[in-house]
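For clarity, every value in this text was computed on a predicted model and none was experimentally measured. Order of the sequence lines sets the chain letters (A, B, ...), proteins ahead of strands, with each chain counted from 1.
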Amino acid sequence: MTTLAVFRREWIGRRNVFLLALGMGFIQLVGTRFESEVGKAAALSLGSGIMLAWVVAALFGATMVGRDLEERRFGFWLNQPLRTGEIFAGKVAAGVGMAVLAAVVLCLPMLLFGGLRRVLSLREASEAVGGGLAGSLVLLLLFHAVSIQVRSRSLWLVLDLAAWSGFFWSVRLLSLKLIWAGAFEQMFHVWLTLLVLVTLGLAVAGYLQVAQGRADLQRGHRWVSVTLALSLGLALLVGSAQAAWVLRSKAESLKQQAVSPRIR
Amino acid sequence: MTTIQVIPAVDCRNLSVRYGRTQALDRVSFTVEPGQVYALLGRNGSGKTSLVRCLLGHQKPQSGRLDLLGQDVWSSRNALMQRVGVVSEEPDAPPAMTPRQLLKFCAGLHPTWDAAAADERLTRFRVPLDVPFGKLSRGQKAQLALTLALGPKPQLLVLDDPTLGLDPVARREVYDELLSELADRGTTILITTHDLAGIEGIADRVGILHEGRLLVDGSLEELKARHRKVCWAPFQAVRAEALAHFAPLRIREHGLGGEAVLSQGDPTQLLDGDRPDLKVHALSLEELFVALVGAESEVAS
């Protein structure tokens with residue numbers, strides 16, 4: 001219930017996003033009148049919807065706690081009988097919800113008047129919403145962490161840069177190994193594992209920044225840095241193990257599977 | 001025979017806060033008993049803000065312990081905020097929310113919220129209900145913040161310079177509200193302020209922070225009784241040795257004579273000699289504060 005209160009409060013200050021999305025949706029509708037292929041116009045509309053969701057999520061993440069801390073307004077939340085988990089969860093839910101709803105609002109004119117409904121299957125719609133939702137969550141958490149790291153202006157930023165550089169360099173090495181082995185599909189699986197683990201790490205880091213750092217930006221940054229460095233390390237360990245498992249497989253590891261003839 | 005132990009409203013023990021090499025608070029200890037009004041004074045940069053942030057569980061001190069109403073503030077902040085009202089130095093409510101929305105928001109979080117009293121207070125303060133918080137005047141923001149802090153009928157009020165930047169009328173209204181709260185419910189109040197004249201009539205106890213250390217912690221009456229000001233006429237200087245006996249905090253000579261703030265003993269003894277020009281005065285809180293933390297006191301000591 002209290003999480004919902006935080007959720008509602010976050011929306012009050014940023015509801016103009018929906019007006020902006022609606023305006024963009026109508027501009028897009030007019031633009032697609034010049035597009036002869038309905039499918040192309042639909043893809044464009046969906047694509048811009050997802051892009052808007054991601055931009056909104058990134059901006060929301062960068063400001064939801066960091067700006068309040070910098071402008072010394074985070075105390076308002078801490079002075080209320082709210083658990084730090086409720087404050088963080090309410091803000092994350094508000095950000096992701098707002099991002100996805102902004103995308104839906106942007107697509108609304110195309111859905112109602114642009115023929116998007118005719119060409120869009122239920123599966124495609126679910127995939128688009130899922131992509132928008134997942135991407136928004138990742139971006140919101142990532143930008144929250146980055147915003148804390150940048151705004152605190154402390155030397156811990158060196159650890160952050162080292163951790164991220166080491167992570168991306170290791171991911172590149174892993175990917176190259178998998179590419180050389182021709183394991184393209186498995187490479188994407190490894191990436192997915194890394195993404196899920198890093199997102200979990202970002203969520204824990206974000207929560208700890210609020211719970212342990214509270215109004216102290218530098219202390220919050222320390223918690224973010226340490227948690228993220230550990231999460232990136234853990235994700236790399238799991239990703240490396242997964243890649244090693246893929247690369248260790250030999251021709252003998254292949255199992256023959258029965259193929260049934262296609263019934264005509 | 002059983003003795004009832006009164007739990008202090010604020011119990012601060014050996015609190016230390018450090019920012020890099022700067023020691024913001026150095027083993028600060030004090031208690032505030034239930035029903036007291038404790039004024040925490042200090043110059044800018046003396047450590048007041050750090051202390052208030054620790055008091056409200058916004059910041060974890062490097063060492064020491066801080067209990068509010070018998071509970072550790074860092075670990076029990078959430079539960080404590082049901083019983084503690086806060087007015088921050090900078091009005092910190094979300095700028096897009098109107099007073100009406102803020103009242104509704106806070107009422108939903110506090111089971112003990114007194115909606116009628118909060119509405120009545122805002123009407124009395126003439127704060128518009130549907131103007132976003134960010135567009136209210138400084139005085140209206142302070143009055144709204146006080147209304148929100150008093151709404152849940154708190155046992156402890158923490159006010160961080162609530163009259164900062166207010167005109168005399170708005171300042172008076174804030175103090176009147178506090179006085180009526182004290183009269184009605186005996187709420188414990190911890191207030192930091194630079195408005196020494198305003199707080200003088202309300203505070204029971206005073207703590208003076210200076211460079212991170214609690215220089216003074218005592219009742220206002222006791223402090224005033226201990227400190228006296230002695231003035232003398234031009235060209236009639238009092239010998240430093242004569243004053244040394246009274247532990248002077250500050251000695252100043254100027255064109256109109258001189259004055260000394262004395263911190264112990266009974267300076268009326270000085271009047272015994274043939275010095276009709278000598279006069280002993282009681283100190284105002286402001287004079288006492290300046291004598292204790294002003295740069296000149298260091299020269300004197």
Check: What part of B/T98 gets closer than 4.5 Å to chain A, counting heavy atoms only: side chain, backbone, both or neither?
Finding: neither
Margin query: Need one label for B/L80: side chain, backbone, both or neither, based on atoms under 4.5 Å from any heavy atom in chain A.
Written below: neither
Next item on the list: Could you grab the distance from atom OG of B/S88 to atom CZ of A/R73, nearest 0.5 Å is fine?
Entry: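 It comes to 12.0 Å.
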Checklist line | Heavy-atom pair with the smallest gap, counting every atom of A/L82 and B/L109 | finding: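 In terms of heavy atoms, the two residues are closest at CD2-CD2, 3.8 Å.
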Check: Any idea which heavy atoms bring B/R53 and A/A215 closest together, and the distance?
Finding: NH2-O, 3.4 Å
Check: With respect to chain A, which residue among B/G85, B/A79, B/G134, B/A93 yields the maximal number of heavy-atom pairs within a distance under 4.5 Å?
Finding: B/A93
Item checked: Max heavy-atom pair count under 4.5 Å with chain A, selected residue of B/H110, B/E89, B/M81 ->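 Answer, by heavy-atom pair count under 4.5 Å with chain A: B/M81.
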Heavy atoms from other residues, nucleotides or ligands near [atom1] of [X] exceed 12 (cutoff 6.0 Å):
X	atom1	answer
A/L112	CG	yes
B/R124	CZ	yes
A/R151	CZ	yes

Just by distance, do the side chain of [X] and the backbone of [Y] share a donor-acceptor pair under 3.5 Å?
X	Y	result
A/R214	B/G57	yes
B/R77	A/L78	yes
A/N79	B/V86	no

Next item on the list: Before giving the answer on ring pair (Phe, Tyr, Trp, His ring centres under 6.0 Å), spell out for B/F105 and A/F76 the whole-Å C-alpha distance, their side-chain angles and the decisive distance to 0.1 Å.
Entry: CA-CA 12 Å; B/F105 176 80; A/F76 174 77; 5.8 Å; yes
Note to self: Heavy-atom pairs under 4.5 Å with chain B: which of A/R219, A/E86, A/R72 has the most?
What the structure shows: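 Option with the greatest count: A/R219.
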Next item on the list: Pick whichever of A/E71, A/R14, A/Q212 has the most heavy-atom pairs under 4.5 Å with chain B.
Entry: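 Sorted descending by pairs with chain B, the first entry is A/Q212.
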Next item on the list: Report the C-alpha distance between A/W77 and B/H58 in whole Å, list the side-chain angles of each, state the deciding distance to 0.1 Å, and finish with yes or no for side-chain contact (heavy atoms from CB on, under 4.5 Å).
Entry: CA-CA 10 Å; A/W77 298 107; B/H58 293 189; over 6 Å; no
